[in-house]
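This one's a predicted model, so the numbers in the text were calculated from it and none came from an experiment. Naming: A, B, ... by sequence-line order, numbering from 1 per chain.
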Protein chains: 2
Amino acid sequence: MPKTARLTSSLSSSQEDYVKALYKLRHTGHGVSTSELAEHLHVSAPSVSEMFGKLAALGLVSHDRYRGAELTERGEAVAVEMIRHHRLLEMYLVKALGYSWDEVHEEAERLEHVISEQFEERIAAALGRPRRDPHGDPIPSERGDLEESPHTPLTACAAGDLVRVRRVSDSDPDKLRAIGELGLQLGADVEVLEPSRYEGPITVRLGRRLRQIPLGLAREVFVGD
Amino acid sequence: MPKTARLTSSLSSSQEDYVKALYKLRHTGHGVSTSELAEHLHVSAPSVSEMFGKLAALGLVSHDRYRGAELTERGEAVAVEMIRHHRLLEMYLVKALGYSWDEVHEEAERLEHVISEQFEERIAAALGRPRRDPHGDPIPSERGDLEESPHTPLTACAAGDLVRVRRVSDSDPDKLRAIGELGLQLGADVEVLEPSRYEGPITVRLGRRLRQIPLGLAREVFVGD
DNA sequence: GGGCAGTTTTCGGCACGCCTAAAAATCTTA
DNA sequence: TAAGATTTTTAGGCGTGCCGAAAACTGCCC
């Protein structure tokens, strides 16, 4: 049985970005709308409409005209492969090259489109095949299995809750940096002293220190036990 | 004094490839010809002609119509920056990720266009700021200084010469692999027993072993003392 | 110095990925 | 359910990087 060629062969960076975005937005009931994807990728609706056609022709997307698009099984496999690249790269940049968690996204975003399977394999091996990236997001296995991300936001905690930081949203580098400076590293133990009131900050205990976590940051932090 | 922005900002991968090629072929007396560059890059002459215009408009190239093109000082700085990226990446792939010297070129070729200055700096630091890449080619300094490559081919040696392998041409991965398998690593001590006769192999002593080096491989190996 | 070979540039065209404006379809709601 | 609002698609255009064919130029040789 010949080893499967990389799924992403012959896709352009743009196409890969569309596939990734479709995966990220897939929650949306039945298909991702043109305008939703356009906003997410900062392109116009016609650009998305056009790309839907191309990706459908490639068999990566099923497109109900005027309704929305969804990844096919093959499209999903491509997306998961891209996510594996991205998260492994982020982990490698942090662990091997000393990047901070707010610096990795942009670099990984560019690298993920050009690395070979060999590169992927080598950094995975060098890292000891990690299961999570620096933000706590799960790294898909080589076979494409992908766990779910922790999803209880710190804002959902009640006074007295004892929780551990499990994941931070990687959407905004500035917020990531701020969260890091507050000491909310992955694995940090947090006791919630006072939940947010009137959109104000959450008061927590972190080790011996008390901290006020602005609501805007607390929403980016996800916890578990 | 503000730090100079990266010279390669806003250049496309193609443009960077043209600049690199112009640097590589620069020996050619007065300017590189359209057809020479076209052949080197596997594109048509019209494509090169067009790109000469664009690079000239960017101030990276000076173009004598119908005569040929040469890098300007700025163009040369861009080329050296690309070469620094490329050679640092090759070294990193070998030293940090276990690539062999015949596997690195292609990967570096793709990565060099997308890495940030931060990435460059981090891998340079991780490697201890190496002066040579895995093939023995000099790595330009951050300031753009570039030594010359060793250039005495093994084929120029006479019987009895005691030399050391200093550089191997990185142009052909297959030859590189073959050269490695013969034991001609960088730094290897070689005694030339019998130079090539009638296009036949060169006989050398490598440690305790005698080796026949086919002429096609010997031409890729450069030596010094 | 004129012709001719070979090289270089111009011209017209194609695919890609993007855009705006306009047309078509769908959704909403009175 | 029909008009108006919204969304999506089509149409037409632009820049990049590539191509082949044709025109323009250079240089060499008689």
Side-chain angles (χ1 to χ4, degrees), chain A residues 8-22 25-26 28-71 75 78-79 82 109-110 112-114, chain B residues 8-22 25-26 28-71 75 78-79 82 109-110 112-114:
Chain A
T8 51
S9 65
S10 81
L11 288 195
S12 69
S13 291
S14 280
Q15 291 171 334
E16 290 179 352
D17 284 338
Y18 278 87
V19 168
K20 264 206 318 178
L22 278 165
L25 302 175
R26 99 205 97 110
T28 326
H30 291 295
V32 177
S33 77
T34 302
S35 50
E36 192 182 356
L37 193 50
E39 176 158 11
H40 186 76
L41 292 176
H42 304 293
V43 296
S44 69
S47 296
V48 173
S49 205
E50 188 181 29
M51 190 60 93
F52 276 174
K54 284 181 186 166
L55 294 177
L58 290 171
L60 301 175
V61 145
S62 66
H63 184 208
D64 271 25
R65 283 171 57 78
Y66 287 98
R67 227 149 285 245
E70 238 175 350
L71 290 175
V78 170
M82 296 308 302
E109 201 68 24
R110 276 177 285 112
E112 66 186 5
H113 299 296
V114 305
Chain B
T8 50
S9 66
S10 80
L11 290 195
S12 69
S13 291
S14 280
Q15 290 171 335
E16 291 178 350
D17 285 338
Y18 279 86
V19 169
K20 264 204 318 176
L22 279 166
L25 301 176
R26 98 206 98 109
T28 326
H30 291 295
V32 177
S33 77
T34 303
S35 50
E36 193 183 355
L37 194 50
E39 178 160 9
H40 186 76
L41 291 176
H42 304 294
V43 297
S44 69
S47 297
V48 173
S49 204
E50 189 181 28
M51 190 60 94
F52 277 174
K54 285 180 186 167
L55 295 176
L58 290 170
L60 301 175
V61 146
S62 66
H63 184 207
D64 272 23
R65 284 172 57 77
Y66 287 99
R67 229 150 283 245
E70 238 175 349
L71 290 176
V78 170
M82 296 308 302
E109 200 69 24
R110 276 176 285 112
E112 66 186 5
H113 299 296
V114 306

* Heavy-atom check, side chain of B:Val19 versus side chain of B:Met82, under 4.5 Å -> no
* Using a cut-off of strictly less than 4.0 Å, decide whether B:His63 has a side-chain nitrogen or oxygen near OP1 or OP2 of C:dT8. => no
* Any residue meeting side-chain contact (heavy atoms from CB on, under 4.5 Å) with A:Ala45, in chain and number order, not counting sequence neighbours -> A:Thr34
* To do: Rounded to the nearest angstrom, tell me the gap between atom CZ in B:Phe52 and atom P in D:dG17.
  => 15 Å
* Given C:dT9, is OP1 or OP2 found less than 4.0 Å from the side-chain N or O atoms of B:Thr34? -> yes
* Taking the side chain as every heavy atom from C-beta outward, state whether A:Arg26 and A:Leu71 have any atom pair closer than 4.5 Å. => no
* Asked: D:dG17 C1' sits how many Å from B:Leu11 CG, rounded?
  -> 15 Å
* To do: Find the distance A:His30:NE2 to D:dT7:C1' and express it as a whole number of Å.
  => 19 Å
* Which parts of nucleotides 17-23 of chain C does protein reach within less than 4.0 Å, heavy atoms only, written one letter per nucleotide 5' to 3' as B for base, S for sugar-phosphate only and - for none? -> SBBBB--
* To do: Give a yes/no on whether any side-chain N or O of A:Ser33 is located under 4.0 angstrom from OP1 or OP2 of D:dT8.
  => yes
* Asked: Do B:Glu112 and B:Glu16 come close enough that some side-chain heavy atom pair is under 4.5 Å?
  -> no
* Starting at atom CG of A:Asp17, determine the distance to atom P of C:dC16, rounded to an integer number of angstrom. => 17 Å
* Asked: Side chains of B:His63 and B:Leu55: closer than 4.5 Å at any heavy-atom pair?
  -> no
* Structure fact -> When rounded to whole Å, the CG to P distance for the pair B:Leu58 and D:dG15 reads 15 Å
* Phosphate oxygens OP1/OP2 of C:dT10: is one of them under 4.0 Å from a side-chain N or O of B:Arg65? -> yes
* Ignoring backbone atoms, test whether B:Ser35 places a side-chain nitrogen or oxygen under 4.0 Å from the OP1 or OP2 oxygen of C:dG6. => no
* To do: Could you check B:Val61 against B:Met51 for side-chain contact (heavy atoms from CB on, under 4.5 Å), going step by step and ending with a plain yes or no?
  => CA-CA 10 Å; B:Val61 146; B:Met51 190 60 94; over 6 Å; no
* Asked: B:Glu16 CD to D:dG17 C1': how many Å, rounded?
  -> 15 Å
* When the distance from CD of B:Glu39 to C1' of C:dG6 is rounded to whole Å, what number comes out? -> 15 Å
* Asked: Taking side chain as C-beta onward, heavy atoms only, is B:Leu60 less than 4.5 Å from B:Tyr18?
  -> no
* Asked: Separation of A:Glu36 atom CD from D:dT9 atom P, in whole Å?
  -> 14 Å
